[in-house]
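Following: one structure in structure tokens, then a few remarks.
When a residue number appears, it is its place in the shown sequence, counting from 1.
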Amino acid sequence: MNRTETAALLAYAVSLDPRLTPEDQAAAEDRLDQWAELLVNVPATAPHPDGRDWNAAAVVHHHISTSPYRIQPSDIGAPWQKFKADAIGRHTDPVPPVDPNDARAYRAALAGTRQAVATGQATPAVYRELTGGSTRDARDEFAAARLAAIEGHVGNNYVPREVADKLTPWRRTRAQRERLAAAGQPDPLNIRCPWDPCRAAAGQPCQQGSKRRTDRAVPHPARVEAAHVQHYAQGAA
């Protein structure tokens with residue numbers, strides 16, 4: 001809040017609890033200085049994806065109506081931190097309107113969106129489940145389709161499901177892909193690695209080493225991030 005918003009909030013608190021009335025103008029200025037300093041990162045209002053929007057005045061009203069103690073800036077700041085953590089936890093980064101190959105601009109756009117959510121300037125983006133039937137059914141059908149595209153083959157050879165299960169300790173990459181598919185999570189190996197030194201094809205593990213190329217145990221971060229962008233963009237379509 002800016003100083004004007006904080007002054008209005010403080011005046012509202014005094015109107016609800018006369019005990020907060022300052023002794024003189026100097027005391028009033030000192031208290032306003034304190035509140036303005038401590039609440040500078042707390043917005044007066046902020047949106048929430050579930051409609052439970054933040055309102056600092058409502059927090060003041062709730063405290064004074066339920067607590068015998070005089071309200072302090074921390075009685076507003078603490079609920080805001082809880083609200084912010086919940087809002088950010090529900091936020092799913094939308095696809096930034098920038099070239100995904102420009103890593104610096106892409107990261108800056110993501111950071112800007114997250115900062116806007118954290119300061120209450122933007123509503124957290126929450127992607128809804130696929131529609132047309134129950135969300136659980138849609139999710140299960142989608143996961144089953146992904147599993148069907150992965151399972152049953154090692155290289156170009158068909159392998160029965162029960163045999164594939166026994167091979168899990170020796171085929172960790174495939175097992176991890178199956179776990180991601182079953183959970184409905186993004187699979188980096190579904191796409192080509194966008195990192196220039198690698199460029200592993202879809203379905204193939206990322207590569208490392210400049211002379212002697214070997215498989216990486218985990219995909220490159222750029223591939224993981226690109227998979228998340230594609231996954232959630234498809235979910236939002």
Side-chain angles (χ1 to χ4, degrees), residues 1-98 103-129 135 183-186 221 224-225 228-229 231-233 235-236:
M1 288 180 282
N2 57 39
R3 189 177 180 85
T4 300
E5 292 171 324
T6 303
L9 185 68
L10 186 54
Y12 178 61
V14 171
S15 71
L16 296 179
D17 186 357
R19 295 178 303 170
L20 297 172
T21 303
E23 296 179 357
D24 51 38
Q25 186 61 33
E29 290 293 335
D30 287 344
R31 181 178 296 169
L32 178 56
D33 288 344
Q34 179 199 40
W35 279 50
E37 175 69 21
L38 295 174
L39 299 179
V40 66
N41 293 320
V42 178
T45 59
H48 191 280
D50 286 350
R52 297 180 287 107
D53 296 346
W54 166 264
N55 188 308
V59 174
V60 169
H61 185 283
H62 175 75
H63 178 87
I64 294 177
S65 66
T66 60
S67 173
Y69 301 105
R70 297 184 186 186
I71 191 168
Q72 301 293 330
S74 60
D75 296 317
I76 303 167
W80 163 247
Q81 292 299 326
K82 183 177 180 180
F83 176 95
K84 182 174 71 172
D86 181 68
I88 293 176
R90 295 169 184 267
H91 175 68
T92 302
D93 289 319
V95 179
V98 298
R104 179 175 297 179
Y106 193 87
R107 287 194 297 268
L110 288 177
T113 300
R114 294 168 186 169
Q115 178 65 15
V117 171
T119 56
Q121 300 175 38
T123 303
V126 180
Y127 289 114
R128 303 301 179 186
E129 297 285 355
T135 56
Q185 297 297 312
V224 174
E225 184 173 15
H228 276 75
V229 170
H231 179 83
Y232 291 115

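A salt bridge (Lys or Arg N to Asp or Glu O under 4.0 Å) check over residues 8-22, counting only residues at least two apart or in different chains, returns the pairs D17-R19. Note on residues 31-40: pairs passing salt bridge (Lys or Arg N to Asp or Glu O under 4.0 Å), not counting sequence neighbours, are R3-D33. Within the structure, salt bridge (Lys or Arg N to Asp or Glu O under 4.0 Å) contacts touching residues 60-70 (residues at least two apart or in different chains) do not occur.
Evaluation of the ring-ring contact (aromatic ring centres under 6.0 Å, His included) rule for W35 yields no partner, not counting sequence neighbours. With sequence neighbours excluded, the residues satisfying side-chain contact (heavy atoms from CB on, under 4.5 Å) with S67 are H63, Y69. Listed by chain and residue number, Y12, L16, S65 satisfy the side-chain contact (heavy atoms from CB on, under 4.5 Å) test with H61 (two or more places apart in sequence, or in another chain). In this structure Q25 satisfies the side chain to side chain donor-acceptor pair (under 3.5 Å) test together with E29, sequence neighbours excluded. Residues meeting the side-chain contact (heavy atoms from CB on, under 4.5 Å) test with N55, sequence neighbours left out: T45, A57, A58. Contacts of V40 classified as side-chain contact (heavy atoms from CB on, under 4.5 Å), with partners at least two apart in sequence or in another chain: none.
Note that NE2 of H228 is 9.5 Å distant from CD of E225, once rounded to the nearest 0.5 Å. With rounding to the nearest 0.5 angstrom, the CG atom of L10 is 7.5 Å from the CG atom of L20.
A 4.5 Å side-chain heavy-atom check between D75 and V59 finds every atom pair outside the cut-off.
Of all heavy-atom pairs spanning A13 and I71, the tightest one is CB-CG2, 4.3 Å. Looking at every heavy atom in both residues, S74 comes nearest to P79 through O-CD, 4.0 Å. In this structure, D24 and A27 approach most closely via the heavy-atom pair OD1-N, 2.8 Å. Among all heavy-atom pairs drawn from T6 and A36, the shortest one is CG2-N, 3.7 Å. Looking at every heavy atom in both residues, P43 comes nearest to A56 through O-CB, 4.0 Å.
A donor-acceptor pair under 3.5 Å is formed between the side chain of E5 and the backbone N or O of N2. Under a 3.5 Å cut-off, the side chain of W54 and the backbone N or O of W80 do not form any donor-acceptor pair.
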